[in-house]
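Remarks on the structure that follows.
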Amino acid sequence: MRNCRVGLVGAGGVAQRHARVLTDFDDVELIGVTDVAPEAATALATRYGGRAYGDVAELLAAGPDAVYVCVPPFAHGPAEEAVIDAGVPMFVEKPVAVDLSTAERIADLIAQRGLLTAVGHHWRYLSVLDQVRELLADRPVRMVSGAWLDKVPPVAWWARRDRSGGPVVEQAAHVLDLIRALVGEVTEVTAYGNGTPPPVDGADIDSVTTAALRFANGAVGTLSAACVLGWKHRAGLEILADGLALSLREDGLLIRDADGERHVPADPEAARVAVDRAFVDAVRGVGDDVRVPYAEALGTQRLALAVADSARSGRTVRLVPAAAPMLSSGVTVNA
Ligand SMILES: NC(=O)c1ccc[n+]([C@@H]2O[C@H](COP(=O)([O-])OP(=O)(O)OC[C@H]3O[C@@H](n4cnc5c(N)ncnc54)[C@H](O)[C@@H]3O)[C@@H](O)[C@H]2O)c1
């Protein structure tokens, strides 16, 4: 295959990161970008190459080999539908939507079309995960605690529930995704939010949320999300098995067992590059290492929304296993 010709939908922070990573690859040509804010598209194209397109249809008419959808959570849906309709392989940034019905609709269309997809859960490419899996191979996980303790990110849509989905859906989803990958599927969630938004204009999200999780394999866990700080304090998870404690963050793994304590560094930037490399290789037909296709991200979306729903309703939410035929009944409220 000639160079992989990539187009971007959305020209904000994460699109710029993908543009930077992709234009460092010898076998990728960035053909351009479209954004509802044309000046953002022009700025990205000026910096990284390609041209600014007026809309998604115009971008697709230029014949990309792959499209990255890098829009905020509330804006997902129409761009994906157009890309799927054109039969073009698609990378979608997380979270895949602000709700479940959009994500399920897109997942169904992708499945019908048999389209190659990837979602930006790049933590799945952290170099230390093989070691985590090795350490856990012969002992079941007993408990996991995930956390994302941070500030309010500087994008206008973030503190609005109907725009971002809230901190659990928008941010802690990286941690929930890794929890699913390393511990297994959650069957029951009971969460609490504080009902107090962060001091940001128009905010209506909880500034802290905490959830208790029960897993299909008998493990139990917690997830905490907070945006009350002025800095990123901690994002990661701790896994406990018999005689083993693992602390995993984007920048490394701390292992403690009978042999003592050791730290294995990880490079977060390497994982961000790897997620793009794997997708491009899959598009070019020279690799098969997409770790989170859209259907897999749907499981993370379902879990994140279950936490958010439980925090809002004050009720326990039970998750039906993903294999159940009625996807839309995936989240049920347990009265
Ligand atoms: N995987 C990661 O590590 C990572 C990192 C940062 C952001 N993200 C995710 O990427 C998404 C975008 O975040 P961001 O920081 O780039 O936001 P941003 O606000 O900086 O950029 C979003 C861009 O999308 C544009 N846009 C909005 N609606 C659009 C539409 N319908 N069509 C085309 N363009 C549209 C906006 O004008 C804006 O330029 C979020 O869901 C966020 O969670 C992921």
Side-chain angles (χ1 to χ4, degrees), residues 7-22 32-48 52-60 67-83 90-99 102-103 106 118-126 148 150-178 205 225 227 232 235-236 249-251 267-276 278-279 291-292 294 297 300-301 304-305:
L8 308 176
V9 180
V14 82
Q16 290 171 49
R17 188 181 88 203
H18 287 299
R20 176 173 51 76
V21 169
L22 289 166
V33 54
T34 183
D35 192 299
V36 289
E39 64 283 4
T42 302
L44 188 146
T46 303
R47 181 157 185 200
Y48 292 102
Y53 291 91
D55 56 26
V56 178
E58 205 183 297
L59 174 72
L60 288 168
V67 168
Y68 275 64
V69 179
C70 300
V71 299
F74 68 88
H76 285 285
E80 283 92 332
E81 282 168 13
V83 177
M90 179 170 68
F91 185 110
V92 181
E93 258 310 336
K94 47 59 56 181
V96 290
V98 78
D99 61 357
T102 303
I106 299 301
V119 174
H121 284 296
H122 64 269
W123 285 45
R124 295 257 197 142
Y125 291 85
L126 289 173
W148 196 297
D150 206 335
K151 58 185 179 300
V152 175
V155 278
W157 46 265
W158 200 86
R160 288 267 308 278
R161 193 188 298 273
D162 64 344
R163 312 252 95 194
S164 70
V168 172
V169 172
E170 207 281 339
Q171 208 168 47
H174 278 303
V175 172
L176 285 175
D177 184 67
L178 208 52
I205 54 172
C227 57
K232 184 171 177 182
R249 293 158 53 140
E250 241 187 312
D251 61 357
D267 177 3
E269 183 59 16
R272 293 184 193 121
V273 172
V275 71
D276 284 340
F279 175 63
R291 300 186 186 177
V292 188
Y294 198 98
T300 298
Q301 177 79 357
L305 286 167

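Residues take their numbers from the sequence shown, with the count starting at 1. Counting convention: from 1, in listed order, for ligands and their atoms alike.
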Exercise. Do Lys232 and Trp148 pass the side-chain contact (heavy atoms from CB on, under 4.5 Å) test, and can you show the C-alpha distance, the side-chain angles, and the key distance before you say yes or no?
Worked result: CA-CA 8 Å; Lys232 184 171 177 182; Trp148 196 297; 3.6 Å; yes
For this session: For ligand 1, indicate whether the residue Gln171 contacts it via side chain, backbone, both or neither (heavy-atom separation under 4.0 Å).
Result: neither
Problem set entry | Between NZ on residue Lys94 and CD on residue Gln301, distance to nearest 0.5 Å | 10.5 Å
Exercise. Can you tell me the protein heavy atom closest to atom 25 (C) of ligand 1 and the distance?
Worked result: Asp35 OD2, 3.2 Å
Exercise. Do any N/O atoms on Gly120 end up under 3.5 angstrom from N/O atoms on ligand 1?
Worked result: yes
Problem set entry | Shortest heavy-atom approach to atom 42 (C) of ligand 1 - which of Glu39, Glu250, Glu170 | Glu170
For this session: Please confirm whether the backbone N or O of Ala52 pairs with a side-chain atom of Thr42, one donor and one acceptor, at under 3.5 Å?
Result: no
Problem set entry | Value rounded to 0.5 Å, distance of CG in Leu305 from OG1 in Thr300 | 11.0 Å
For this session: Classify the contact between Val9 and ligand 1 as side chain, backbone, both or neither, using a heavy-atom distance cut-off of under 4.0 Å.
Result: side chain
For this session: Would you please determine whether Phe74 falls within less than 4.0 Å of ligand 1 on a heavy-atom basis?
Result: no
For this session: Report yes if Thr34 has an N/O atom closer than 3.5 Å to an N/O atom of ligand 1; otherwise report no.
Result: no
Problem set entry | Nearest protein heavy atom with distance in Å, relative to atom 16 (O) of ligand 1 | Val14 N, 2.9 Å
Exercise. Taking atom CZ of Phe74 and atom OG1 of Thr102, what is their separation to the nearest 0.5 Å?
Worked result: 12.5 Å
Problem set entry | Plane angle bin for Phe91 and His18 - parallel if under 30°, tilted between 30 and 60°, otherwise perpendicular | perpendicular
Problem set entry | Residue-ligand contact Arg272/ligand 1, heavy atom below 4.0 Å | no
Exercise. Backbone or side chain, does any N or O of Ala40 fall under 3.5 Å from an N or O of ligand 1?
Worked result: no
Exercise. Quick one: does Gln16's side chain have a donor or acceptor within less than 3.5 Å of a partner on Ala11's backbone?
Worked result: yes
Problem set entry | Top protein contact for atom 28 (N) of ligand 1, by heavy-atom distance | Ala75 CB, 3.5 Å
For this session: Enter the distance from Arg272:CZ to Arg20:CZ here, rounded to the nearest 0.5 Å.
Result: 8.5 Å
Problem set entry | Protein residue, atom and distance nearest to atom 11 (C) of ligand 1, heavy-atom basis | Val71 O, 3.5 Å
Exercise. How many angstroms lie between atom CD of Glu39 and atom CG of Leu44, to the nearest 0.5 angstrom?
Worked result: 12.5 Å
Problem set entry | From Gly12, Ala271, Cys70 - option closest to atom 21 (O) of ligand 1 by heavy atom | Gly12
Exercise. Which protein non-hydrogen atom lies closest to atom 19 (O) of ligand 1, naming both residue and atom, and how far is it?
Worked result: Trp157 NE1, 2.8 Å
Exercise. How far is atom 9 (C) of ligand 1 from its nearest protein heavy atom, and which residue and atom is that?
Worked result: Lys94 O, 3.2 Å
Seminar exercise, completed: atom 30 (C) of ligand 1 has as its nearest protein heavy atom Val36 CG1, 3.5 Å
Exercise. Under a heavy-atom criterion of less than 4.0 Å, does Arg17 contact ligand 1?
Worked result: yes
Problem set entry | Min side-chain heavy-atom separation Val96-Tyr294 under 4.5 Å | yes
Exercise. Does an N or O from Gly13, backbone or side chain, lie closer than 3.5 Å to an N or O of ligand 1?
Worked result: yes
Exercise. Looking at His174, which atoms of ligand 1 are within less than 4.0 Å of one of its heavy atoms?
Worked result: 1 (N), 2 (C), 3 (O)
Seminar exercise, completed: When rounded to the nearest 0.5 Å, the distance separating CZ of Arg124 from CG of Leu178 is 7.5 Å
For this session: Please answer whether the main-chain N or O of Val168 pairs with a side-chain N or O of Gln171 as donor and acceptor at a distance below 3.5 Å.
Result: no
Problem set entry | Non-hydrogen side-chain atoms of Val273 and Glu269 separated by less than 4.5 Å | yes
Exercise. At the 4.0 Å heavy-atom cut-off, does Pro73 count as touching ligand 1?
Worked result: yes
Seminar exercise, completed: heavy-atom search around atom 27 (C) of ligand 1 in the protein gives Pro72 CD, 3.4 Å
